[in-house]
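This report concerns only the one structure given below.
For reference, positions follow the sequence shown, starting with 1. As a basis for the values below, the full set of heavy atoms in this structure was taken, side chains included, without hydrogen atoms, waters or symmetry mates. Please read these numbers as outputs of a predicted model, since none were measured by experiment.
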Amino acid sequence: MTPQQKIKHLILIRHAEWNDDPDAVEFTRALDATGIDDQYAALEEAGDIWDAVSEIRGGEVPSNLKCDWSRHYESQAVAARYIDGSWVGWTYWFGGGKHGEPETIDWIPDAYALDVTEEEKVVTVRTFAKADQAGNA
């Protein structure tokens with residue numbers, strides 16, 4: 001399955017989840033590559049997919065990779081975990097000011113597969129505040 005099909009599949013799954021139909025979610029999760037393309041095209045033609053596209057477009061996590069850029073929009077490399085545990089990445093376009101429409105940029109064709117190494121790290125976080133000066137006079 002291509003990275004583009006994985007993104008489309010994530011969009012279809014999100015769309016099915018919003019319809020509160022467990023059977024539709026299971027059916028959608030089980031789609032093969034051809035089924036994903038057909039189902040996505042049908043929902044795209046019906047105009048019923050755009051909220052789910054917007055939801056997935058922002059990604060799950062930033063990947064901190066170098067990405068495409070434009071002088072008109074801000075961009076960030078983002079990633080999402082696919083249902084089989086693999087990761088897919090793309091450029092998330094945003095900003096552009098009052099008349100900007102970054103959501104109209106066709107981002108799915110530029111998706112790519114990612115190799116991800118996860119490691120758990122222990123982090124110490126310190127928060128400081130000034131001590132009460134009245135008792136130290």
Salt bridge check, E118 against R81: does any charged N sit closer than 4.0 Å to a carboxylate O?
yes

Looking only at non-hydrogen atoms, find the nearest pair between V78 and G58 and report the distance.
CG1-O, 3.6 Å

Of all heavy-atom pairs linking Q5 and D37, the shortest is NE2-OD2, 2.9 Å

Backbone of Y82 reached by a side-chain donor or acceptor of S86 within 3.5 Å
no

How close do S63 and A79 get, heavy atom to heavy atom, and via which atoms?
CB-CB, 4.3 Å

With a 4.5 Å cut-off on side-chain heavy-atom distances among I, L, V, M, F, W and Y, is there a chain of contacts connecting I83 to I7?
yes

Does D84 reach the side chain of K6, with side-chain heavy atoms less than 4.5 Å apart?
yes

Indicate yes or no: at least one non-hydrogen side-chain atom of W90 is less than 4.5 angstrom from one of D110.
no

Taking a hydrophobic cluster as the set of Ile, Leu, Val, Met, Phe, Trp and Tyr residues connected by side-chain heavy atoms closer than 4.5 Å, whether directly or through intermediates, do W18 and L43 fall within one such cluster?
no

How many angstroms lie between atom OG1 of T2 and atom NE2 of H9, to the nearest 0.5 angstrom?
12.0 Å

Are L10 and L114 joined in one hydrophobic group, where the rule is that I, L, V, M, F, W and Y side chains link up if heavy atoms are under 4.5 Å apart?
no

If you count heavy atoms of other groups shown closer than 6.0 angstrom to CH2 of W69, is the number above 12?
no

4.5 Å side-chain heavy-atom contact, I36 and T28:
no

Could you tell me if T34 and D32 have a donor-acceptor pair between their side chains, going purely by distance under 3.5 Å?
no

Shortest non-hydrogen pair, A111 vs V88, comes out as CB-CG2, 4.2 Å

Does W93 reach the main-chain N or O of T104 with its side chain, forming a donor-acceptor pair under 3.5 Å?
no

For the side chain of N19 and the backbone of D21, is there at least one donor-acceptor N/O pair under 3.5 Å apart?
no

Could you grab the distance from atom CD1 of I13 to atom CD of E26, nearest 0.5 Å is fine?
9.5 Å

If you group Ile, Leu, Val, Met, Phe, Trp and Tyr by side-chain heavy-atom gaps below 4.5 Å, do L31 and V25 land in one group?
no

Which value, rounded to the nearest 0.5 Å, describes the distance between D51 atom CG and I56 atom CD1?
12.0 Å

Can you tell me how far the CZ atom of R14 sits from the CD atom of E55, to the nearest 0.5 Å?
5.0 Å

Please give me the minimum heavy-atom distance between C67 and A77, naming the atom from each residue.
SG-N, 3.6 Å

With rounding to the nearest 0.5 angstrom, report the OG1 to NZ distance, T91 to K66.
13.5 Å

Return the minimal non-hydrogen interatomic distance between Y73 and E101, and the atom names on each side.
OH-N, 3.1 Å

Any E103 side-chain heavy atom under 4.5 Å of W50 side chain
no

Check: Y92 main-chain N/O paired with Q76 side-chain donor or acceptor under 3.5 Å:
no

I need the F94 CZ to R57 CZ distance, nearest 0.5 Å.
9.5 Å

Going only through I, L, V, M, F, W and Y residues with side-chain contacts under 4.5 Å, is there a path from Y112 to M1?
no

